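Notes follow the structure.
Not measured: the values here are computed from a predicted model.
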Amino acid sequence: MFSYYFLLGIRSLRRNPALTALMVLTLAVGVAASIATLTILHVMSGDPIPSKSERLFVPLLDNGPLQGYTPGDKPNDRQLSYIDAANIAASKQGDRRTVMYGVAGPIEPARKDLNVFNASGLAPTRDFFAMFEVPFLYGQAWSEAHDAAGADVVVLSRKLSEKLYGDADPVGQRVTLMGFEYQVTGVYDTWNPVPRYVRIIGGPGAFGSEDEFYIPFATAIRHQYGHNGSMSCSAYRDPGFDALLKSECTWIQGWIEMHSAADRPALQNWLDAYAAEQHKLGRLKRNAPTHLYNVGEWLEFLKVVGNDNKLSAWLAFGFLVLCLVNTIGLLLAKFSVRAPEVGIRRALGASRKEIFSQFLIETTVVGLAGGILGLLLAFGALALLAMQSKQLTVVAHMDWIMMGSTFLMAVASAVLAGLLPTWRACQVTPALQLKSQ
């Protein structure tokens, strides 16, 4: 019986096609808005590296001035000074440590058909690649010896490598970057790196600019490359790079990978002891608490998913509810004109339960049609966003379980919207319809 009523529902779509199209489109727009908004919100708030997010930590020290400080105030910055970063890198805490800052400058291609262009990148230590599971297309990361010597080596992004060398393997080639010749040790493949989500340098948020190259941290310091990004330098006035390294300007980010999440208290104790020692030495003016953030906490601290994004999700749901209310009105109009049909069926022996089942299945067909069209519209909207922002890879990283749940919820909502019109249709009095017809 269900299949019979389902086929009737499909055939009923051709009745009053204008009204049917309006219902399907109304549901589709509501579903598309909900799915697109929830998908973006899900990608932004998702765990970017679930295999180790609980054991990757960002240490924070309060380097702010004593003036205006009230005990209990939160840190006034989200990065480290060079002195603290160097001490943390040399601390031997955890399995791996990395410090990094953003750099940018001109690239002089060897190809005659390419002009000089600017590129932005990151200057981390070697552990960065293993900590964040960087996938390599060609070659590998630089060595520990390169780190120690501050060698002129570089890892290129796939995009930059293809721009400079086409599809060829560029490992061993040399490229002039920011005034110096660098040897290419590797090319990393397209990926969804944690730093793009969580680091301040280069811009906070999931949709910041992509790092086009990586060079050793010591190399960037040796060449005195300036910082590309935010820098807290309230006490820094000297333009000299040496003075910058000795100052308490915060412009470097640090990460520590512990063996397990259970090692967090030990790391916190070490960081507290380090801060207390630096406070006694007069470096850290504020006797403020230190902070450790794992990946999830860091995302929350940076407000990667801000209140405006959450509000957008609620607005999308509100829009879906509004579409369902409109659908109820349209279904009432669609079913009201079929009162004679219901009266005749009742007179021929059909029960109210059978009428209810028929009309509810027809409503389900409308919901399915609206849901499918809504999915297509959502894919189109996300693809359009991906074309406009090459960092927005939500289509490739779409959570199919979440999408399926949203689609089923939309169909269920359409069925709920059809309960009132279906119930009204069942209340038709056969005698009145037979008399009037």
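Counting all heavy atoms, side chain and backbone alike, T185 lies closest to V155 at OG1-CG2, 3.5 Å. For F241 against W251, the heavy-atom pair with the smallest separation is CZ-CH2, 4.2 Å. Closest approach of D169 to V171, counting heavy atoms only: OD1-N, 3.0 Å. Nearest heavy-atom pair, P59 versus L271, reported as atom, atom and distance to 0.1 Å: CB-CD2, 3.9 Å. Taking both residues in full, the closest heavy atoms of R222 and G150 are given as NH2-O, 2.8 Å, listed atom of the first, atom of the second, then distance. Looking at every heavy atom in both residues, A32 comes nearest to G374 through CB-O, 3.4 Å.
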Review point. Can Y214 and F128 be said to form a ring-ring contact (aromatic ring centres under 6.0 Å, His included), step by step?
Key: CA-CA 10 Å; Y214 297 132; F128 168 88; 5.0 Å; yes

Practice item. I would like to know whether T290 and L60 meet side chain to side chain contact (heavy atoms under 4.5 Å, CB included); could you show each step before the answer? Key: CA-CA 6 Å; T290 61; L60 280 191; over 6 Å; no

Practice item. Assess whether side chain to side chain contact (heavy atoms under 4.5 Å, CB included) is satisfied between H146 and T219, documenting all intermediate values. Key: CA-CA 9 Å; H146 289 145; T219 304; over 6 Å; no

Point to revise | Chi angles and distances behind the salt bridge (Lys or Arg N to Asp or Glu O under 4.0 Å) call for K159, D211 | key: CA-CA 10 Å; K159 175 184 173 183; D211 296 317; over 6 Å; no

Practice item. Could you please spell out the steps behind the side chain to side chain contact (heavy atoms under 4.5 Å, CB included) verdict for I49 and E133? Key: CA-CA 9 Å; I49 186 166; E133 301 176 349; 4.1 Å; yes

Practice item. Could you walk me through whether H223 and F180 pass the side chain to side chain contact (heavy atoms under 4.5 Å, CB included) test, one step at a time? Key: CA-CA 9 Å; H223 288 315; F180 296 91; 3.3 Å; yes

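Heavy atoms of other residues, nucleotides or ligands lying less than 6.0 angstrom from CG of D167 number 12 at most. Around atom CD of Q140, no more than 12 heavy atoms belonging to other residues, nucleotides or ligands sit under 6.0 Å away. Taking a 6.0 Å sphere around CD of Q224, one finds it holds more than 12 heavy atoms contributed by other residues, nucleotides or ligands.
Counting only distance, with no hydrogens or angles, the side chain of T26 and the backbone of L22 share a donor-acceptor pair below 3.5 Å. In this structure, the side chain of R55 does not engage the main chain of I256 through any donor-acceptor pair within 3.5 Å. Not one N or O on the side chain of R126 forms a donor-acceptor pair closer than 3.5 Å with the backbone of D147. In this structure, S247 contributes its side chain and L244 its backbone to a donor-acceptor pair below 3.5 Å. Judged purely by atom type and a 3.5 angstrom limit, E212 uses its side chain to pair as donor or acceptor with the backbone of S120. Side-chain N or O atoms of T250 include none that pairs as donor or acceptor with a backbone N or O of L80 at under 3.5 Å. Counting only distance, with no hydrogens or angles, the side chain of R283 and the backbone of H279 share no donor-acceptor pair below 3.5 Å. Between the side chain of E297 and the main chain of N294, a donor-acceptor pair closer than 3.5 Å is present. A donor-acceptor pair under 3.5 Å is absent between the side-chain atoms of R97 and the main chain of S91, judged by distance alone. In this structure a side-chain-to-backbone donor-acceptor pair under 3.5 Å is present from K285 to G282.
The shortest side-chain heavy-atom distance between F57 and M258 falls under the 4.5 Å cut-off. When side chains are defined from C-beta on, L299 does not count as touching Y293, because their heavy atoms never get closer than 4.5 Å. Taking 4.5 Å as the limit, every side-chain heavy atom of R286 sits out of range of all side-chain heavy atoms of P71. Side-chain contact between V153 and I215: absent, with no pair of heavy atoms (C-beta onward) separated by less than 4.5 Å. A 4.5 Å side-chain heavy-atom check between I252 and F217 finds at least one atom pair inside the cut-off. V175 places a side-chain heavy atom less than 4.5 Å from the side chain of V184. The shortest distance between side-chain heavy atoms of Y165 and Y138 does not fall below 4.5 Å. Contact check for F132 versus L56: side-chain heavy atoms found under the 4.5 Å cut-off.
T98 and D127 share no side-chain donor-acceptor pair at under 3.5 Å. For the 3.5 Å distance criterion, the side chains of D84 and Y274 qualify, holding a donor opposite an acceptor.
Distance check: E248 CD to Q278 CD gives 8.5 Å after rounding to the nearest 0.5 Å. The CG atom of N87 sits 12.0 Å away from the CD atom of Q93 when rounded to the nearest 0.5 Å. Put simply, CG on N287 and CG on D62 are 10.5 Å apart, with the number rounded to the nearest 0.5 Å. For the atom pair CG of L368 and CG of L27, the computed distance is 10.5 Å after rounding to the nearest 0.5 Å. Rounding to the nearest 0.5 angstrom, the gap separating the CD atom in E181 from the CD atom in E108 is 9.5 Å. Taken from CG in L245 to CD1 in I83, the straight-line distance is 8.5 Å, to the nearest 0.5 Å.
The aromatic rings of W255 and W298 stand perpendicular to each other, their planes meeting at an angle above 60°, with 30° marking the opposite boundary.
Each of V116, L164, N118 was compared with I107 under the side-chain contact (heavy atoms from CB on, under 4.5 Å) criterion, and only L164 meets it.
Here D95 does not pair with K52 in a salt bridge; the nearest charged N to carboxylate O distance is not below 4.0 Å.
Aromatic rings of F129 and F136 (six-membered ring for Trp) have centroids within the 6.0 Å cut-off, being under it.
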